[in-house]
Colleague: 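Following this message is one structure expressed as structure tokens.
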Amino acid sequence: MKDYKLLFAVLTVAMVWGTTFLAIRVAVETIPAWFVAGIRQFLAAIIMLVVLLSRKEFKWIGWKNLGYQIVFASLMLIVANGMTTVAEETVSSSLASLISACSPILVFLGSLAVGLQKFSFRALAGVLLCFSGILFIFWDGIQDLANPDYRMGMIFLFCAIAGWASGTIFTKKLNIQSGNITLNLFYQFLFAGVVQVIFALVFSENYNFGNWSLKSISAMIYLSVFGSVAAFFAFHYALTKISPVQVSILAYVNTIIAIFLGWLIMDENISLKFILAAVMIICGVFIINYKPGMFTRQKVD
């Protein structure tokens with residue numbers, strides 16, 4: 001990777017998104033999840049608007065491009081990000097990050113279906129290894145599935161990774177991020193923020209603003225500035241340079257950072273089976289996606 005902008009973008013996504021699982025967990029301690037997600041995206045939209053106005057780049061993008069941005073925002077921000085945030089009200093940040101690490105499986109299978117990826121028996125072995133890791137997760141906490149809140153949290157997480165994988169493939173297949181990334185992100189964040197705040201007002205049982213702690217508010221602001229603006233800008237830039245499967249490899253680093261921080265800061269229990277599951281999933285994802293030169297820059301047509 002001789003493209004230092006691309007290298008910086010990849011490292012930004014890996015490091016920042018590795019911390020977002022912990023930040024989400026801290027934020028939802030006192031703030032309803034949909035408020036966390038909605039305010040996060042709405043603040044990000046305001047930041048993007050300020051940047052666009054300062055550069056004199058703010059403009060209407062047209063109905064067709066707006067449609068693309070709405071689809072992407074719905075998949076990546078409302079479904080993937082929003083449902084992960086809701087899930088972390090009942091699921092640990094470590095487990096949320098580990099389930100999210102399975103997204104490259106769906107990226108691979110989806111890329112295979114639309115012709116972006118070729119089938120191989122090595123990839124099949126990787127998929128089986130990943131699913132074995134998932135089974136270890138449920139083996140370690142099978143009794144927790146009796147808890148309806150925990151069970152719904154897991155369902156939200158699997159919906160989230162499906163949305164993330166779909167958004168990643170959609171972006172690469174249609175190459176919709178080839179224009180002004182900042183402008184595209186503004187419309188995405190604005191749409192997602194408005195929708196998620198509406199969800200918060202409709203679905204949150206108790207949103208007494210006086211109960212919101214400074215720690216949770218600070219975590220929410222961190223998610224907005226770094227988790228949304230910095231990381232999503234870097235993510236979109238990386239998608240214009242390399243394949244969605246290559247970008248999804250960042251799940252390796254994200255997961256390791258998130259599990260470590262969850263154990264260190266939130267005192268989350270990390271069992272031997274959990275560690276084994278993490279190793280199996282990460283190895284499976286690597287087997288699925290490995291090929292010579294996989295980290296070299298690819299020209300976008």
Side-chain angles (χ1 to χ4, degrees), residues 10-31 33 36-37 40 80-81 83-105 129-147 149-158 160-161 164 213-228 230-231 248-286:
V10 168
L11 290 177
T12 298
V13 175
M15 297 302 294
V16 173
W17 277 345
T19 64
T20 55
F21 292 98
L22 174 64
I24 290 172
R25 184 66 176 169
V26 172
V28 299
E29 285 182 342
T30 62
I31 304 175
V36 172
R40 168 186 178 178
N81 179 266
M83 289 192 173
T84 297
T85 304
V86 174
E88 286 203 47
E89 288 186 320
T90 56
V91 174
S92 70
S93 63
S94 300
L95 183 55
S97 67
L98 187 55
I99 296 298
S100 297
C102 299
S103 60
I105 305 175
L129 186 58
C130 286
F131 278 119
S132 298
I134 294 173
L135 289 177
F136 260 80
I137 294 174
F138 289 109
W139 178 16
D140 189 35
I142 190 69
Q143 69 279 0
D144 294 328
L145 291 176
N147 182 336
D149 290 334
Y150 177 85
R151 187 166 60 244
M152 283 304 301
M154 296 303 297
I155 292 174
F156 278 131
L157 281 176
F158 281 106
I161 64 172
W164 185 266
S213 71
L214 179 60
K215 183 171 70 171
S216 292
I217 293 173
S218 299
M220 185 170 60
I221 293 174
Y222 172 84
L223 288 168
S224 178
V225 176
F226 293 97
S228 289
S248 69
I249 296 297
L250 297 171
Y252 300 149
V253 183
N254 292 350
T255 305
I256 295 171
I257 293 174
I259 292 175
F260 174 74
L261 291 178
W263 167 78
L264 180 67
I265 298 176
M266 301 297 290
D267 197 28
E268 295 177 352
N269 181 44
I270 307 298
S271 67
L272 181 60
K273 289 194 182 90
F274 189 91
I275 295 175
L276 181 59
V279 171
M280 294 173 72
I281 289 173
I282 291 175
C283 288
V285 171
F286 183 79

Colleague: If you look at every heavy atom in Ile105 and Cys130, which pair is closest and at what distance?
Modeller: CD1-CB, 3.0 Å
Colleague: Any side-chain heavy atom of Ile99 within less than 4.5 Å of one from Leu95?
Modeller: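 With C-beta onward as the side chain, the pair touches.
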Colleague: Is the side chain of Ser224 donor-acceptor paired with the backbone N or O of Ile221 at a distance under 3.5 Å, no angle test?
Modeller: no
Colleague: Around atom CG of Asp149, are there more than 12 heavy atoms from other residues, nucleotides or ligands closer than 6.0 Å?
Modeller: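 Yes, because the 6.0 Å sphere around CG of Asp149 holds more than 12 heavy atoms from other groups.
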Colleague: Listed by chain and number, what are the side chain to side chain contact (heavy atoms under 4.5 Å, CB included) partners of Ala33, not counting sequence neighbours?
Modeller: Val28, Thr85, Val86, Glu89
Colleague: List for me each residue that meets side chain to side chain contact (heavy atoms under 4.5 Å, CB included) alongside Ser216, sequence neighbours excluded, and say none if there are none.
Modeller: Glu29, Thr30, Ile31, Ser213
Colleague: If you define the side chain from C-beta out and look only at heavy atoms, does anything of Val26 sit under 4.5 Å from Ile265?
Modeller: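 Sidechains of Ile265 and Val26: no contact.
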Colleague: Using side-chain heavy atoms (C-beta onward) and a distance below 4.5 Å, is Ile259 in contact with Phe274?
Modeller: yes
Colleague: If you count heavy atoms of other groups shown closer than 6.0 angstrom to OH of Tyr222, is the number above 12?
Modeller: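 Enclosed: over 12 neighbouring heavy atoms sit under 6.0 Å from OH of Tyr222.
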Colleague: Ser100 and Phe21: which non-hydrogen atoms are nearest, and at how many Å?
Modeller: OG-CE2, 3.5 Å
Colleague: So, do Phe226 and Thr20 sit near enough that their side-chain heavy atoms are less than 4.5 Å apart?
Modeller: no
Colleague: Which heavy-atom pair separates Ala96 from Val91 by the least distance, and what is that distance?
Modeller: N-CG1, 4.1 Å
Colleague: Using side chain to side chain contact (heavy atoms under 4.5 Å, CB included) as the criterion, list what pairs up with Glu268, not counting sequence neighbours.
Modeller: Arg25, Ser92, Ser93, Ser94, Met266
Colleague: For the side chain to side chain contact (heavy atoms under 4.5 Å, CB included) test, which of Asn81, Ile24, Thr19 pairs with Leu223?
Modeller: Ile24
Colleague: Between Leu157 and Ala87, what is the shortest heavy-atom contact and its length?
Modeller: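 Closest approach of Leu157 to Ala87: CG-CB, 3.6 Å.
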Colleague: Which pair of heavy atoms, one from Leu98 and one from Ala277, lies closest together, and at what distance?
Modeller: CD2-CB, 4.3 Å
